[in-house]
2 protein chains.
Amino acid sequence: MARAATTSDAFNAIAEPQRREILMLLRGGERSVTELARDLGMSQPQASKHLRVLREVGLVRVREAGKQRLYGLDARGLRPIHEWVGGFERFWNGTFDRLDEYVRDLKQARQEEAADDDDQ
Amino acid sequence: MARAATTSDAFNAIAEPQRREILMLLRGGERSVTELARDLGMSQPQASKHLRVLREVGLVRVREAGKQRLYGLDARGLRPIHEWVGGFERFWNGTFDRLDEYVRDLKQARQEEAADDDDQ
DNA sequence: TTGACGCATTCCGATATAGGCATATGATGA
DNA sequence: TCATCATATGCCTATATCGGAATGCGTCAA
């Protein structure tokens with residue numbers, strides 16, 4: 001089997017740096033395809049393709065405006081990602097693992113200490 | 001050019017559901033490859049391959065323990081992702097975009113109103 | 001109606017999977 | 001030393017890109 005489609009979910013969609021740049025740019029408001037392509041230094045077809053992926057996972061919306069198509073951000077799909085990654089927050093705060101080990105060692109030390117007390 | 005390597009960064013690494021499951025499981029502590037494979041219902045080679053990817057982007061660490069290799073979580077690499085996605089937090093809170101549009105419409109309505117006043 | 005403009009789509013080529021299977025590598029214990 | 005257990009790696013197939021170039025298509029203005 002091949003790699004999952006970029007359109008399978010938001011996780012795959014934002015794995016591509018250029019698509020992340022598109023999303024960041026769209027925080028400033030709606031943009032036309034040509035504008036996006038120009039500002040991000042990519043070809044128009046590439047912009048269209050990336051926008052299609054973002055559209056299929058629901059991270060952007062389109063609005064027709066004459067000849068142009070204005071793409072706007074729809075960040076709701078990013079929320080599950082934020083929450084999933086947030087579930088690891090306590091683990092990247094400093095030396096959690098070492099602290100965890102430290103706590104374990106501490107407990108063990110106390111037990112041994114208690115055992116020594118019992119012996120005496 | 002083809003798609004970026006899964007080992008290029010954490011964004012690509014966590015795009016794969018099974019790798020996300022591995023990370024979630026490792027929140028409970030270190031696990032051996034066989035344990036991971038069993039608990040997640042994947043073959044041992046697949047587990048090893050996914051772990052290699054996670055290792056190369058620095059999301060897990062290995063510790064040799066006799067015949068086994070215990071993999072542990074190193075979530076620090078998830079922090080940049082959390083922060084990047086967090087930059088969109090205000091955009092998924094409720095009807096931000098509509099509120100934005102509403103504010104625009106309101107401004108425009110006020111300007112037209114002012115113009116009408118001038119006319120009269 | 002015609003030409004120009006803005007976008008989307010298609011075709012092509014190079015690449016990197018993900019999964020199954022077989023096998024090499026390494027450490028352990030008898 | 002040898003058999004066994006735990007992992008890692010190599011090979012193969014099917015697939016899904018990402019980028020470039022060319023092209024189709026709808027809209028708008030003259």
Side-chain angles (χ1 to χ4, degrees), chain A residues 1-23 25-26 29-73, chain B residues 1-23 25-26 29-73:
Chain A
M1 197 181 284
R3 198 163 167 183
T6 54
T7 56
S8 59
D9 59 31
F11 277 99
N12 280 280
I14 68 168
E16 158 65 53
Q18 306 224 57
R19 283 196 285 269
R20 290 202 295 276
E21 290 187 36
I22 289 178
L23 294 177
L25 233 169
L26 291 181
E30 294 179 325
R31 299 290 161 97
S32 72
V33 178
T34 304
E35 274 180 308
L36 285 169
R38 174 173 45 73
D39 292 357
L40 298 179
M42 64 178 87
S43 70
Q44 174 269 309
Q46 271 312 305
S48 282
K49 288 174 189 173
H50 284 314
L51 286 167
R52 176 176 186 160
V53 172
L54 293 172
R55 205 189 330 135
E56 293 195 29
V57 299
L59 289 175
V60 300
R61 291 160 321 185
V62 209
R63 187 165 66 85
E64 316 236 343
K67 289 195 271 192
Q68 306 189 111
R69 299 205 182 178
L70 300 181
Y71 280 84
L73 184 64
Chain B
M1 197 183 283
R3 196 162 169 184
T6 56
T7 54
S8 60
D9 58 33
F11 276 99
N12 281 281
I14 68 169
E16 157 67 51
Q18 308 223 59
R19 282 195 287 267
R20 289 202 296 276
E21 289 186 39
I22 289 177
L23 293 177
L25 234 171
L26 291 182
E30 294 179 326
R31 300 289 161 96
S32 71
V33 178
T34 304
E35 275 180 307
L36 285 168
R38 174 173 45 72
D39 293 356
L40 299 178
M42 65 178 89
S43 69
Q44 174 269 311
Q46 272 310 306
S48 281
K49 287 174 188 174
H50 284 314
L51 287 167
R52 175 176 184 159
V53 172
L54 292 172
R55 206 189 331 134
E56 294 196 25
V57 299
L59 288 175
V60 300
R61 288 158 320 183
V62 209
R63 189 164 65 86
E64 317 237 342
K67 289 196 266 190
Q68 304 188 109
R69 298 206 182 178
L70 300 181
Y71 280 83
L73 184 62

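Letters A, B, ... are given to chains in the order of the sequence lines, protein chains preceding strands, and every chain is numbered from 1.
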Whole-Å gap separating P (D/dT17) and CZ (A/F11): 17 Å

Pairs satisfying salt bridge (charged side-chain N to carboxylate O under 4.0 Å, His left out), at least one member in residues 34-53 of chain B, at least two apart: B/R31-B/D39, B/R52-B/E56

B/R19 side chain near C/dA18 phosphate (N/O to OP1/OP2, under 4.0 Å): yes

Reported CG-to-CG distance for the pair B/L54 and B/L73, which is rounded to 0.5 angstrom: 9.5 Å

Contact letters for nucleotides 19-30 of chain C, in which S counts primed atoms plus P, OP1 and OP2 and B counts the base, heavy atoms under 4.0 Å: BBBB----SS--

Gap between atoms CG and P, on A/L36 and C/dG6 respectively (whole Å): 14 Å

B/T6 side chain near C/dT17 phosphate (N/O to OP1/OP2, under 4.0 Å): yes

Length of the CZ-P vector between B/R38 and D/dA6, whole Å: 11 Å

Sugar-phosphate only, base, or nothing, as touched by A/S48 at under 4.0 Å among non-hydrogen atoms: base

Those residues that, when tested against B/F11, pass ring pair (Phe, Tyr, Trp, His ring centres under 6.0 Å) (two or more places apart): B/W84

Interatomic distance where CD belongs to B/E21 and P belongs to C/dA18 [whole Å]: 14 Å

Comparing B/A4 and B/A47 on DNA chain D - which has the more 5′ nearest nucleotide: B/A47

Rounded interatomic separation in angstrom, taking CD from A/Q68 and C1' from D/dC25: 17 Å

Any B/R69 side-chain heavy atom under 4.5 Å of B/L51 side chain: no

Gap between atoms CE and P, on B/M42 and D/dT7 respectively (whole Å): 14 Å

Within-4.5 Å side-chain heavy-atom neighbours: B/L59 and B/L26: no

d(CZ, B/R3; C1', D/dA14) in whole Å: 15 Å

Whole-Å gap separating P (D/dT17) and CG (A/L54): 13 Å

Distance test, side-chain N/O of A/S32 to OP1/OP2 of C/dG6, below 4.0 Å: no

Presence of A/Y71 side-chain N/O under 4.0 Å of C/dG6 phosphate oxygens OP1/OP2: no

Any A/R52 side-chain N or O less than 4.0 Å from OP1/OP2 of C/dA8: no

CZ on A/R20 to NE2 on A/H50, rounded to 0.5 Å: 11.0 Å

Shortest non-hydrogen contact between A/R3 and B/A4, atoms and distance: NH1-O, 2.8 Å

